[in-house]
Amino acid sequence: MQIKDILSKSILDAAKKTVEDGIFKLAENDKLPDILLEVPPKKEFGDFATNFAMQSAKVFHANPRKIAEEIKSRIQLEQIDKIEFAGAGFLNFYLKSTVIYDTFKKIFNAGENYGQLPNKNNATIQIEYVSANPTGLLHVGHGRGAAAGSAIVNIMRAAGYNIQSEYYINDAGNQMDKLTISVNARYLQLLGQQTEADFPEDGYKGEDIIDTAKRIIDRDGDKYLHVSEEERLNAMRELGYQDKLAELKKDLKNFRVEFDNWFSERTLHPAAVNESIEVLKKIGAIYEQDGALWLKSTDYGDDKDRVVVRENGEPTYLAADIAYHKNKFERGFGELINIWGADHHGYVCRVKAAMSALGFDADKLKILFLQMVALYRSGELVKMSKRSGNAIPLRELMEEVGTDAARFFFLMRSMESQLDFDLDLAKKKSSDNPVYYVQYAHARICSIFRQTTEMNIVMEDNPNFNLLIHSSEIDLINKIIDYEEEIEKAAQDYAPQKITRYAQEIAALFHAFYRDCRIIGVESNLASARLGLIKVTAHVIKHALNLLGVSAPESM
RNA sequence: GCGUCCGUAGCUCAGUUGGAUAGAGCAACGGCCUUCUAAGCCGUGGGUCGCCCGUUCGAGUCGGGCCGGACGCACCA
């Protein structure tokens, strides 16, 4: 049992005891408030504090000071040095120093396992993210989604959840037709059969389509000039698609993003799409009007009903999405998480409406939104890529600042905040740059180990951590003790930025320790304990960076 | 007009189911290398938490109303 839980329980027991002792009365319908323990904002306020005396003032009909005194006198714990009443009604708990040493010793002994929480034995949670159309290059917005999604997957796994990650490939419908005519036009152009003037108006104009056409020519030459137009278009569709998908996978891999499953929209057409429409028709959630089929999403709070099959008989994107989400629900996940760009928020209601209509628990579907990314260079907003004339491709960002900095910067802010990405700062090789700052702390520790090993300063198997009494050492130990709780919180809130922040904080505490506490040149038992401390510190920094998908170099 | 998100130091942002004197980084200014990486450390200044009203013992946090910004409001995806 964690010290926090022990404290909570003894506070609750003490509160109950005040009632038993007849000090306070609890009315029939009144309940004791939950015990909230927090780490106080200032060290003088102790190791933990609770506002219980204030929270319970109402049900006890007594002033907080009186409540605090009564509770204080009923708590006897060997781990506690003293309890003080402070402020408007806080109870501050001061732990005996042995508590943190005992806790730290357990962490030290856990070694590489520290940071991996026990399995929660939950039904698998599915996280679907990126899911960009395979019709062009991933841009920086996708990059933010990729960084966030993969970090959330890592964090939730560390927190003990079973996770499956998935990418939904929109490889059917309109956008594939556009890809086809675009690749076809570039192919014909490159082989001198067409000019720029022939390029279809609504085609994809990006340069990457030319690259795709070039690769097709490199492979198959001009052979599609000598077949029927239909055959050529079919070839352009398939080859273009395969090429785009391969590029997309390549970028994601370089960005340290992997998926457990790739789900092709094509597999839903036409059977699964038709089937979900039939089911919805049968239960009256779909009706016909103006030659189209409409989902009655207004029954579930939507502004208007939505078309699922167009007048021309073609299903809409929504129709496929209903079939896809139905499929996901039927796979039996405990929770479905989608990470979408903020520009899709208007879409939530209709998808949830369809799932509710189909009898699924729409609350199991959690949709997280990602706000936009704005890149700044020399203080100026960078809008377009010079090369592609379009949104900035993720690979250009990776080339410019590197994968580590790109991921770290994407994960510094909460997802629902717009992100201003400072390219100059991301490239700086100094402590101004937060990613270098954290990595440097890790490298510094590795460097100390290289030197101490050479000087035969060794860490014993069982160092005496009680020797670590400097405030810089205590602060660092306390931060390390917090780590697993931080993971838990980050997982619960789907908030990778909490880990990014934590990494910066522990790095800062290490640098302060480095300033105050030397290892080489001190008495061997103390050196040994300090080596133990920095060994765990290095592990935690590396572990946190791994969760973020950022490397932890051993030298810089 | 409607919906979602945002508004906290000059800039970018944290602020743990409402709690103690609102924090961090950058920028500015001033210090620290004969000793484990100065890619580091220490110090100083800097705030009407967009505005108003309400709920509460207590509001940056909750509710209502304004103001400002981003995004969305297709038989596109």
Side-chain angles (χ1 to χ4, degrees), chain A residues 34 36 38-42 44-45 49-51 54-55 57-58 63-64 86-90 92 132-133 135 170 173-175 178 202 289-294 303-304 306-318 320-321 341-349 369-372 374 376 379 412-422 425 428-437 439-441 443-452 455 457 485-486 489 492-493 495 497-498 500-501 504-505 507-508 510-512 514-522 527 530 534 555-556:
Chain A
D34 291 340
L36 178 65
E38 58 177 13
V39 177
K42 289 210 189 299
E44 304 94 83
F45 299 146
T50 183
N51 59 0
M54 285 180 278
Q55 297 288 358
K58 213 164 227 171
N63 76 58
F90 290 97
N92 293 338
N133 295 339
T135 54
N170 294 128
N174 213 344
Q175 72 281 359
K178 279 166 76 171
D202 58 348
Q289 191 185 308
D290 305 328
L293 292 182
W294 298 71
D303 299 339
K304 50 181 283 192
R306 308 288 171 174
V307 171
V308 285
V309 178
R310 289 182 267 253
E311 214 175 340
N312 66 9
E314 287 291 314
T316 60
Y317 182 80
L318 176 61
D321 235 10
D343 52 342
H344 284 67
H345 60 70
Y347 204 77
V348 179
C349 196
F369 290 101
L370 212 52
Q371 289 289 335
M372 303 290 133
Y376 287 85
M412 281 201 299
R413 303 282 173 248
S414 70
M415 294 197 291
E416 60 267 21
S417 292
Q418 292 169 53
L419 177 72
D420 287 336
F421 194 117
D422 184 340
L425 181 61
K428 247 191 211 174
K429 291 198 170 20
S430 79
S431 63
D432 299 346
N433 183 345
V435 61
Y436 280 92
Y437 182 79
Q439 289 178 319
Y440 179 59
R444 234 181 186 179
I445 295 173
C446 294
S447 168
I448 294 172
F449 272 105
R450 283 191 294 272
Q451 299 210 29
T452 52
M455 298 169 78
I457 301 169
E485 198 179 321
E486 291 292 333
K489 276 195 264 183
Q492 237 155 50
D493 300 345
Q497 78 278 5
K498 286 185 196 277
T500 317
R501 178 164 288 268
Q504 292 180 79
E505 286 166 356
F510 167 72
H511 288 309
Y514 181 87
R515 174 198 67 223
D516 295 329
C517 306
R518 296 188 55 81
I519 291 168
I520 294 172
V522 303
R530 285 178 174 169
I534 66 168
S555 66
M556 290 170 73

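Note that the coordinates shown come from a computational prediction; the quantities given were computed from them, not determined experimentally. Throughout, a chain's letter reflects where its sequence line sits, starting with A, and its residues are numbered from 1.
A/H511 places its NE2 atom 12 Å from the P atom of B/G25, with the value rounded to the nearest Å. Nucleotide B/C26 holds its P atom 20 Å from the OH atom of A/Y376, rounded to whole Å. One interatomic measurement links the two molecules: CD of A/Q492 to P of B/U17, which rounds to 12 Å at whole-angstrom precision. Rounding to whole angstrom units, CD of residue A/E485 and C1' of B/U16 are separated by 9 Å. When the C1' atom of B/U16 is taken as reference, atom CZ of A/F45 falls 17 Å away, rounded to whole Å. For the pair A/Y436 OH and B/C41 P, the computed distance is 17 Å after rounding to whole Å. With rounding to whole Å, A/D202 atom CG is found 19 Å from B/A74 atom P. A/H344 places its NE2 atom 16 Å from the C1' atom of B/A70, with the value rounded to the nearest Å.
For the C1' atoms, the distance from B/G47 to B/C13 is 15 Å, rounded to whole Å. Taking atom P on both nucleotides, B/G15 is separated from B/G54 by 29 Å, rounded to a whole Å. The same atom, C1', is picked in B/C73 and in B/C49; the two are 32 Å apart, to the nearest Å. If you take atom C1' in B/A9 and the same atom in B/C29, they sit 16 Å apart, rounded to whole Å.
Side-chain to base pairing of A/H345 with B/C5: no donor and acceptor N or O lie closer than 3.5 Å to each other. Judged by distance alone, with hydrogens and angles left aside, A/N92 brings a side-chain donor or acceptor within reach of the base of B/A20, the pair sitting under 3.5 Å.
Listed pair A/R450 / B/C36 fails the phosphate criterion, with no side-chain N or O lying under 4.0 Å from OP1 or OP2. For A/S414 and B/A14, the shortest distance from a side-chain N or O to OP1 or OP2 is below 4.0 Å. An OP1 or OP2 oxygen of B/A74 is reached within less than 4.0 angstrom by no side-chain nitrogen or oxygen of A/Y317. Checking the phosphate oxygens (OP1, OP2) of B/A27, a side-chain nitrogen or oxygen of A/K428 falls inside 4.0 Å. At B/C41, one or more side-chain N or O atoms of A/Y437 fall inside 4.0 Å of OP1 or OP2 (strictly under the cut-off). Between A/R530 and B/C36 there is no side-chain polar atom (N or O) within less than 4.0 angstrom of OP1 or OP2. The phosphate of B/A14 (OP1 or OP2) has no side-chain N or O of A/T500 nearer than 4.0 angstrom.
Within 4.0 Å of A/A49, counting heavy atoms only, lies at least one base atom of the nucleic acid. Heavy atoms of A/A86 sit under 4.0 angstrom from at least one base atom. No engagement by A/T452 is indicated, since no non-hydrogen atom pair under 4.0 Å with the nucleic acid exists. In this structure, A/C517 reaches the bases: a heavy-atom distance under 4.0 Å links it to at least one base atom across the strands shown. Among the atoms of the strands shown, base atoms are found under 4.0 Å from some heavy atom of A/Q55. Among the protein residues, A/D290 comes within range of the nucleic acid bases, having at least one heavy atom under 4.0 Å from a base atom. Using a 4.0 Å heavy-atom criterion, one finds that A/N133 contacts the sugar-phosphate atoms exclusively. No contact: A/F369 has no heavy atom under 4.0 Å from any strand.
Within the shown strands, nothing qualifies as a pairing partner of B/G45 under the Watson-Crick or G-U definition with both distances less than 3.5 Å. Of the nucleotides present, B/U4 is the one that pairs with B/A70 by Watson-Crick or G-U wobble criteria, both distances under 3.5 Å. Across the strands present, B/U55 finds no partner; the criterion is a Watson-Crick or G-U wobble pair with both atom distances under 3.5 angstrom. Across the strands present, B/A39 finds no partner; the criterion is a Watson-Crick or G-U wobble pair with both atom distances under 3.5 angstrom.
Residues A/A507 and A/I519 each lie close to RNA chain B; by heavy-atom proximity, the contact nearer the 5' end of the strand is made by A/I519. Ranked by how close their nearest RNA chain B nucleotide is to the 5' end, A/D343 and A/R518 are led by A/R518.
Taking every side-chain heavy atom of A/T316 into account, B/C75 is the closest of B/A20, B/C71, B/C75.
Between A/F510 and A/Y514, the ring planes lie tilted relative to each other; the angle falls in the 30° to 60° range.
Residues A/D202 and A/K178 are not paired through a salt bridge, judged by the lack of any N-O separation under 4.0 Å between the basic side chain and the carboxylate.
Glycosidic conformation of B/C29 is anti; the angle lies outside 90° of 0.
Side chains of A/I520 and A/M455 form a contact here, defined as non-hydrogen atoms less than 4.5 Å apart.
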